[in-house]
Amino acid sequence: DGQAKIRKNTTQVSIKSSIVDLDLNSNVSPSVLTQALKKHFNNYLSDTIYKDSLQPSATMKIDMALHNPPILKEVFLDGLEQMDSVRLKVDFDESTHQLSANLKVLHLQYNEDKLDSLHLNLKGNHENLNFDVGWEQLKTGPLSIPKVSINGSLKDQKLTLDFDTFSEGEKLAHIRSEAEMRGDTIRYHVNPEGLVLNRNSWSIPASNQIIWSKKHVAITDFNLSLAQQKFILSTSIPGVAKDHLAIVFENFNLATFTRFLNTEKVLANGAINGQLVIENPFNELGLLADLTIKDLNVSEIPLGQLTIKMDA
């Protein structure tokens with residue numbers, strides 16, 4: 001059973017079925033609503049509050065629930081093994097600059113891919129937008145990503161993010177970072193306090209930053225270190241005359257990154273040394289590589305030493 005009414009000053013959609021229940025109500029047309037939402041998000045990225053006085057202030061409410069009757073698997077999605085309680089609610093009022101959204105997916109399995117306890121919460125007003133998203137576990141192919149929590153806020157053209165992952169109740173990673181947007185330029189910075197990678201506390205200079213624009217990138221003090229391990233991003237590698245973007249490894253354990261992708265088994269391990277350089281990243285790309293990985297292990301298969309040299 002479904003009804004839809006779309007006019008200049010009305011958008012109403014109502015669906016009641018064994019697969020989906022949906023109620024969508026707005027006081028404007030879909031095109032005007034889309035523009036109102038776009039302006040709402042642009043307000044967080046600009047010094048100016050956009051408002052079209054010729055258009056009525058838009059409002060919108062969405063209440064949707066997905067169900068899993070047998071016909072969904074038998075006719076439409078053959079690989080769907082399980083889907084429990086998918087619910088979405090959205091409330092938007094342009095005149096008061098209020099926006100809220102909540103998405104919950106308790107359990108979803110499609111063939112062998114599984115997603116447990118996905119949630120997304122978003123709440124914004126005229127000053128800031130706060131959100132959190134996460135899940136208990138995501139399994140797809142060789143990946144088995146444990147509990148993830150991402151909390152963030154967007155205010156005055158600055159995005160602040162807290163990224164956390166957990167395995168068996170223990171913190172696997174914590175990264176707090178900020179991205180500041182000014183015109184076509186983005187400045188990215190990692191907060192050194194409480195930085196955790198693969199259960200270990202890492203260090204990075206407080207002066208670290210990456211500045212990225214349409215035709216330029218500049219990196220300062222982006223040097224991650226733990227004891228003898230180093231992971232460095234740089235745009236000023238000695239001996240490279242052209243504009244470049246480089247990654248430098250010193251005794252870096254690959255599992256520092258790959259462990260997050262699968263906590264049940266190590267996808268890739270080994271100590272990597274050397275550098276990978278991208279020349280002219282905004283023009284005709286060139287690639288220079290001089291890398292050595294000792295005791296390389298991929299999916300628990302020992303491969304010994306791997307050397308990569310490239311000049312292209």
Side-chain angles (χ1 to χ4, degrees), residues 1-46 48-69 72 76-77 80 83-108 110 115-136 138 148-163 179 181:
D1 182 26
Q3 295 179 346
K5 182 189 295 184
I6 299 176
R7 297 175 181 171
K8 184 178 179 179
N9 60 350
T10 303
T11 300
Q12 294 180 339
V13 179
S14 178
I15 300 174
K16 305 293 182 183
S17 73
S18 61
I19 296 176
V20 59
D21 291 328
L22 170 65
D23 284 305
L24 185 155
N25 291 280
S26 176
N27 66 330
V28 294
S29 67
S31 61
V32 174
L33 177 60
T34 301
Q35 288 301 313
L37 287 167
K38 183 178 179 180
K39 286 185 288 185
H40 181 88
F41 284 102
N42 282 341
N43 287 336
Y44 302 119
L45 305 174
S46 173
T48 304
I49 295 179
Y50 296 95
K51 179 70 176 74
D52 187 351
S53 60
L54 299 179
Q55 293 283 359
S57 294
T59 62
M60 176 189 65
K61 289 183 180 291
I62 296 176
D63 191 346
M64 184 185 74
L66 295 180
H67 312 296
N68 186 19
L72 189 62
F76 300 105
L77 299 171
L80 185 64
M83 183 176 72
D84 297 336
S85 186
V86 178
R87 191 71 183 264
L88 172 67
K89 289 188 175 184
V90 183
D91 196 341
F92 173 59
D93 189 330
E94 185 181 18
S95 64
T96 59
H97 306 283
Q98 299 293 317
L99 174 65
S100 65
N102 304 97
L103 172 67
K104 291 183 179 180
V105 181
L106 288 185
H107 181 77
L108 181 64
Y110 191 87
L115 176 62
D116 278 326
S117 301
L118 171 70
H119 75 270
L120 167 65
N121 299 306
L122 182 151
K123 192 170 185 63
N125 55 34
H126 69 286
E127 290 186 345
N128 57 68
L129 179 71
N130 298 312
F131 61 91
D132 70 271
V133 60
W135 60 77
E136 288 295 322
L138 172 63
V148 167
S149 175
I150 302 172
N151 292 274
S153 66
L154 183 58
K155 180 180 181 180
D156 295 333
Q157 300 172 267
K158 179 183 286 188
L159 174 65
T160 302
L161 281 178
D162 280 295
F163 174 85
M181 291 147 274

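Here the structure is a predicted model, which means the values were calculated and not measured.
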Given 3.5 Å as the limit, does a donor-acceptor pair link the side chain of [X] with the main chain of [Y], or not?
X: N125; Y: N128; answer: yes
X: T11; Y: V28; answer: yes
X: D156; Y: K158; answer: no
X: Q35; Y: L33; answer: no
X: Q157; Y: L45; answer: yes

Mind checking whether [X] and [Y] have side chains closer than 4.5 Å, heavy atoms only?
X: N102; Y: L120; result: no
X: V105; Y: S85; result: no
X: I62; Y: F92; result: no
X: N42; Y: K38; result: yes
X: L115; Y: H107; result: no
X: V32; Y: T34; result: no
X: V133; Y: V148; result: no
X: L108; Y: D116; result: no

To the nearest 0.5 Å, what is the distance between [atom1] ([X]) and [atom2] ([Y])?
X: M64; Y: L103; atom1: CE; atom2: CG; value: 7.5 Å
X: L22; Y: I19; atom1: CG; atom2: CD1; value: 13.5 Å
X: F131; Y: K123; atom1: CZ; atom2: NZ; value: 15.5 Å
X: L99; Y: L122; atom1: CG; atom2: CG; value: 5.5 Å
X: D63; Y: R87; atom1: CG; atom2: CZ; value: 4.5 Å
X: S153; Y: D132; atom1: OG; atom2: CG; value: 12.0 Å

Take atom NZ in K16; do more than 12 heavy atoms of anything else shown fall under 6.0 Å from it? yes
Criterion side chain to side chain contact (heavy atoms under 4.5 Å, CB included) on V90 and M60, from CA distance to verdict: CA-CA 8 Å; V90 183; M60 176 189 65; 3.5 Å; yes
Hey, mind stepping through L159 and Y44 against side chain to side chain contact (heavy atoms under 4.5 Å, CB included) and telling me if it holds? CA-CA 9 Å; L159 174 65; Y44 302 119; over 6 Å; no
Identify the heavy atoms of H40 and Q98 that sit nearest to each other, and give their distance.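 Residues H40 and Q98, closest heavy atoms: CE1-N, 4.4 Å.
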Taking all atoms of both residues into account, what is the closest heavy-atom pair of P30 and I6, and its distance?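 Taking every non-hydrogen atom into account, CD-CG2, 3.6 Å.
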Taking atom types as modelled, find out whether T59 and D93 have a side-chain donor-acceptor pair closer than 3.5 angstrom. no
Over 60° means perpendicular and under 30° means parallel, so tell me whether H126 and H97 are parallel, tilted or perpendicular.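 Ring orientation of H126 relative to H97: tilted.
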Thinking salt bridges, do D91 and K61 make one under a 4.0 Å N-O criterion? yes
Check step by step if side chain to side chain contact (heavy atoms under 4.5 Å, CB included) holds for I150 and L161. CA-CA 7 Å; I150 302 172; L161 281 178; 3.9 Å; yes
